[in-house]
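Working notes, structure below.
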Amino acid sequence: MAKQLNRQLGSSQVHIEDAFWNRFTELVRETVIPYQWEALNDRIADAEPSYAIRNFRVAAGLEEHPYGGMVFQDSDVAKWLEAVGYSLANHPDAELERTADEVIDLIAMAQHENGYLNTYFTIKDPGKQWTNLYEAHELYCAGHMMEAAVAYYDATGKRKLLDVMCRFADNIDEVFGAEEGKLRGYDGHQEIELALVKLYRATGEERYLKLAQFFIDERGAEPNFLVEEGKQRDGYSLWAGGKRPIPTVPQLAYNQAHKPVREQEAAVGHSVRAVYMYTAMADLARLTGDKQLLEACERLWNNMTRKQMYITGGIGSTHHGEAFSFDYDLPNDTVYAETCASIGLIFFAQRMLKLEAKSEYADVLERALYNNVVGSMSQDGKHYFYVNPLEVWPQASEKNPGRHHVKAERQKWFGCSCCPPNVARLLSSLNDYIYTISAANNTIYTHLFIGSEARFELAAGSVALNQQSQLPWKGYTRFEFTDVPGTRFTFALRIPSWSRGTAVLKINGQAEEFKAENGYAVVNRNWQRGDVAEWEPALEAQLTAAHPQIRANAGKVAIERGPLVYCLEETDNGSPLAAVSLVTTGELHSRFDDQLLGGAVVIEAEGQLDEQDSWQEDTPYRPYEQRSASKHIQLKVVPYYLWGNREKGEMTVWIRALG
């Protein structure tokens with residue numbers, strides 16, 4: 001039987017009020033957004049300059065300077081504005097809105113008469129627009145600004161930036177397409193495809209949806225556009241400032257342009273580009289009913305999350321091209337796992353949930369969110385990881401050229417600073433990821449257990465509820481229905497993978513049997529105002545092993561507790577961490593440590609430390625029989641998202657197993 005795609009999602013309003021997540025959403029609103037505004041204006045001491053706002057001032061004719069930063073620098077401003085939009089939707093702030101309006105005025109001034117908008121080609125390469133889609137990120141920057149325009153319009157009702165980007169979208173629609181005289185091309189870095197879907201949603205303009213579909217359909221078609229474009233430039237590269245070999249079709253796997261998207265079988269190439277594209281593919285599959293596109297999404301999802309994803313929800317294992325490598329190649333110490341890639345994975349997971357509520361999509365979303373994404377930002381909101389390692393040896397990061405990309409400390413800012421504003425826009429819009437609804441089927445799906453107030457519009461009528469969650473420290477969540485339509489509807493609760501299928505549901509204090517569908521506990525009833533549903537998936541510390549093909553983790557275990565991955569830090573366990581083993585026959589003891597960075601559950605376990613005192617400095621090797629007895633020690637593991645917030649030192653997620 002053909003799968004029925006879910007195209008009727010209905011509407012919802014969700015406001016987060018959660019003991020754990022309020023720390024992050026308030027940090028973004030009160031610290032991160034203002035800090036990043038200072039960074040975009042080059043006012044952070046000892047940080048790499050951004051030039052981003054300055055570029056817009058130059059493009060608007062207000063200042064004279066050479067172009068500064070990367071070719072895609074405009075996108076940092078766009079993502080910051082998008083974060084501002086989400087923040088204003090949840091917490092109105094007149095001063096922040098005034099600042100954003102001034103930036104939008106600047107952007108409007110920098111727009112060309114025909115609608116084109118890009119500071120690099122306005123300042124540095126005028127007249128060269130659309131001649132180097134392979135490298136120049138023009139449509140990528142356009143897409144991020146479209147997302148910002150939609151977010152700001154949704155929050156404030158102000159159309160200025162939306163109108164600017166509709167003019168730009170119209171200009172792009174005039175340039176690109178299958179019609180004679182138009183460019184049958186697409187960007188080297190996907191992003192506009194998902195943004196055009198958002199622009200379509202905000203405006204109802206069908207041309208934008210069709211343009212998104214054109215870019216997806218054209219990608220990888222023969223003759224290959226990026227190859228032909230390279231020939232027209234005679235191989236000129238703006239990155240090299242001279243000629244480079246024209247890429248071959250197989251090499252364009254880096255851009256996911258080596259074959260049509262419906263024929264792609266594995267996640268390959270630059271990881272951020274991939275998941276942005278997969279997100280758009282899932283959007284289009286839902287909106288157009290394209291079954292082939294859906295099948296490609298499912299195939300790519302399965303390969304990426306089952307064979308190329310880290311336990312922390314990181315993807316993209318190699319720093320060579322910030323890319324996927326091959327199945328099960330997941331090194332811990334030379335890992336890349338870019339923050340933006342995990343954020344894109346969350347986007348993709350959310351779109352797959354809109355297609356079909358399957359718990360595995362939400363499990364991955366939760367894994368990436370609680371570990372890789374929030375772990376990329378320091379607890380003060382002013383320092384960031386671009387790369388998210390699972391093993392760190394600070395001396396190697398400093399002195400081994402193959403590990404320079406792995407930082408032992410978060411940085412204030414980056415010359416290529418795509419990740420910090422990406423974190424800000426995701427956390428500012430976190431309320432959009434907790435639920436999805438099927439209006440036609442009168443079903444509310446709960447994917448994340450995050451304290452919140454929510455209202456939904458179903459075919460049956462309005463539903464309002466309050467969620468109170470004790471995650472990630474306890475598995476208990478309480479839902480109270482404060483408004484109901486008076487007829488039956490379905491409430492579905494995710495059965496998390498970390499609960500190993502064990503969960504208790506009570507309704508109004510009485511244990512309730514439930515039917516499990518696609519990993520959700522499904523309850524259909526005539527809910528009454530004041531009804532209380534209590535949901536308690538089993539949550540306890542547990543050991544996790546890796547697939548035998550993941551060679552970096554052979555003979556090792558990781559510790560997880562609920563949605564959190566844990567790690568050893570040198571500050572608690574000494575050095576070298578590579579000499580530590582965990583006794584797997586011992587117990588894992590969990591306790592709440594209110595002194596650890598605002599309070600967190602830590603786990604203590606029995607371990608052993610290889611004897612080191614008998615080794616002489618000038619003896620790198622000796623007979624195995626001469627080994628001495630190991631020393632019994634008590635190990636302390638902390639949540640991965642908190643690592644690196646105390647002292648600089650070693651860290652590891654995977655620990656040698658003993659017993």
Side-chain angles (χ1 to χ4, degrees), residues 189-190 250-256 258 264-278 299-349 363-365 367-369 371-373 375-376 384-393 396-397 400-408 414 416 418-419 422 544-558 560 565 567 578 640-641 643 651-655:
H189 193 312
Q190 302 91 309
Q251 287 172 334
L252 290 174
Y254 177 75
N255 309 79
Q256 298 81 38
H258 56 303
Q264 295 184 25
E265 298 178 349
V268 295
H270 188 274
S271 57
V272 179
R273 300 173 201 232
V275 285
Y276 281 4
M277 183 180 80
Y278 303 159
R299 187 168 60 245
L300 293 163
W301 171 273
N302 290 340
N303 172 261
M304 178 173 57
T305 61
R306 298 176 187 180
K307 297 182 178 180
Q308 299 199 76
M309 185 180 73
Y310 285 94
I311 192 173
T312 54
I315 55 172
S317 61
T318 175
H319 73 284
H320 294 286
E322 307 178 319
F324 297 103
S325 54
F326 58 93
D327 291 354
Y328 302 118
D329 180 43
L330 295 167
N332 298 312
D333 55 350
T334 59
V335 57
Y336 206 72
E338 182 182 341
T339 304
C340 284
S342 284
I343 290 172
L345 176 61
I346 288 171
F347 296 161
F348 184 27
D363 285 335
V364 169
L365 192 162
R367 181 178 294 279
L369 175 66
N371 298 291
N372 219 61
V373 174
S376 73
Y384 305 88
F385 283 135
Y386 194 107
V387 172
N388 294 277
L390 282 81
E391 180 180 326
V392 170
W393 180 11
S397 295
N400 184 337
R403 298 190 193 178
H404 283 173
H405 63 287
V406 177
K407 304 299 182 187
F414 307 92
C416 172
C418 51
C419 296
N422 228 351
T544 301
H547 191 285
Q549 292 281 7
I550 304 177
R551 302 181 183 210
N553 299 332
K556 296 181 178 181
V557 292
E560 297 183 89
V565 174
C567 66
Y640 175 82
Y641 80 88
W643 88 268
M651 180 277 292
T652 188
V653 168
W654 291 95
I655 312 165

Could you tell me whether the side chain of [Y] reaches within less than 4.5 Å of the side chain of [X], counting heavy atoms only?
X	Y	value
His319	Val387	no
Leu390	Thr312	yes
Leu369	Ile346	yes
Val392	Lys407	no
Trp393	Asp333	no
Tyr336	Thr318	no

| task | Taking side chain to side chain contact (heavy atoms under 4.5 Å, CB included) as the test, write out the residues that go with Ala349, two or more places apart. | result | Trp301, Leu365
With sequence neighbours excluded, what pairs up with [X] under the side-chain hydrogen bond (donor to acceptor under 3.5 Å, both in side chains) test?
X	answer
Glu265	none
Glu338	Tyr386
Asn388	Thr339

Check whether any side-chain N or O of [X] sits under 3.5 Å from a backbone N or O of [Y] as a donor-acceptor pair, and report yes or no.
X	Y	result
Gln256	Ala267	no
Ser317	Asp329	yes
Tyr310	Pro331	yes
Arg299	Gln264	yes

Closest approach of [X] to [Y] (non-hydrogen atoms, all atoms of both residues):
X	Y	answer
Leu345	Ala368	CD2-CB, 4.5 Å
Ala274	Val268	CB-O, 4.3 Å
Val565	Ile311	CG2-O, 3.6 Å
Gly402	His405	O-CE1, 3.1 Å
Phe324	Gln308	CB-OE1, 3.4 Å
Arg403	Ala396	NH1-CB, 3.5 Å

| request: Report, as yes or no, whether the 6.0 Å neighbourhood of atom CH2 on Trp654 holds more than 12 heavy atoms from other residues, nucleotides or ligands. | output: yes
Got a second to check how far [X]'s [atom1] is from [Y]'s [atom2], nearest 0.5 Å?
X	Y	atom1	atom2	value
Lys556	Asn332	NZ	CG	6.0 Å
Ile655	Asn553	CD1	CG	11.0 Å
Gln549	Lys307	CD	NZ	9.5 Å

| field | Partner residues of Tyr278 under the ring pair (Phe, Tyr, Trp, His ring centres under 6.0 Å) criterion, sequence neighbours left out | value | Phe348
| message | Run the salt bridge (Lys or Arg N to Asp or Glu O under 4.0 Å) test against Glu391 and tell me which residues pass, sequence neighbours left out. | response | none
| task | Decide ring-ring contact (aromatic ring centres under 6.0 Å, His included) for His270 and His189; before the verdict, give the C-alpha distance in whole Å, the side-chain angles of both, and the deciding distance to 0.1 Å. | result | CA-CA 9 Å; His270 188 274; His189 193 312; 5.4 Å; yes
| task | For side-chain contact (heavy atoms from CB on, under 4.5 Å), just list the numbers for Val653 and Tyr640, CA-CA rounded to whole Å, side-chain angles, deciding distance to a tenth of an Å, and then say yes or no. | result | CA-CA 8 Å; Val653 168; Tyr640 175 82; 3.7 Å; yes
| query | Considering the options Asn422, Asn371, Asn372, which one meets the side-chain hydrogen bond (donor to acceptor under 3.5 Å, both in side chains) requirement together with Ser342? | reply | Asn372
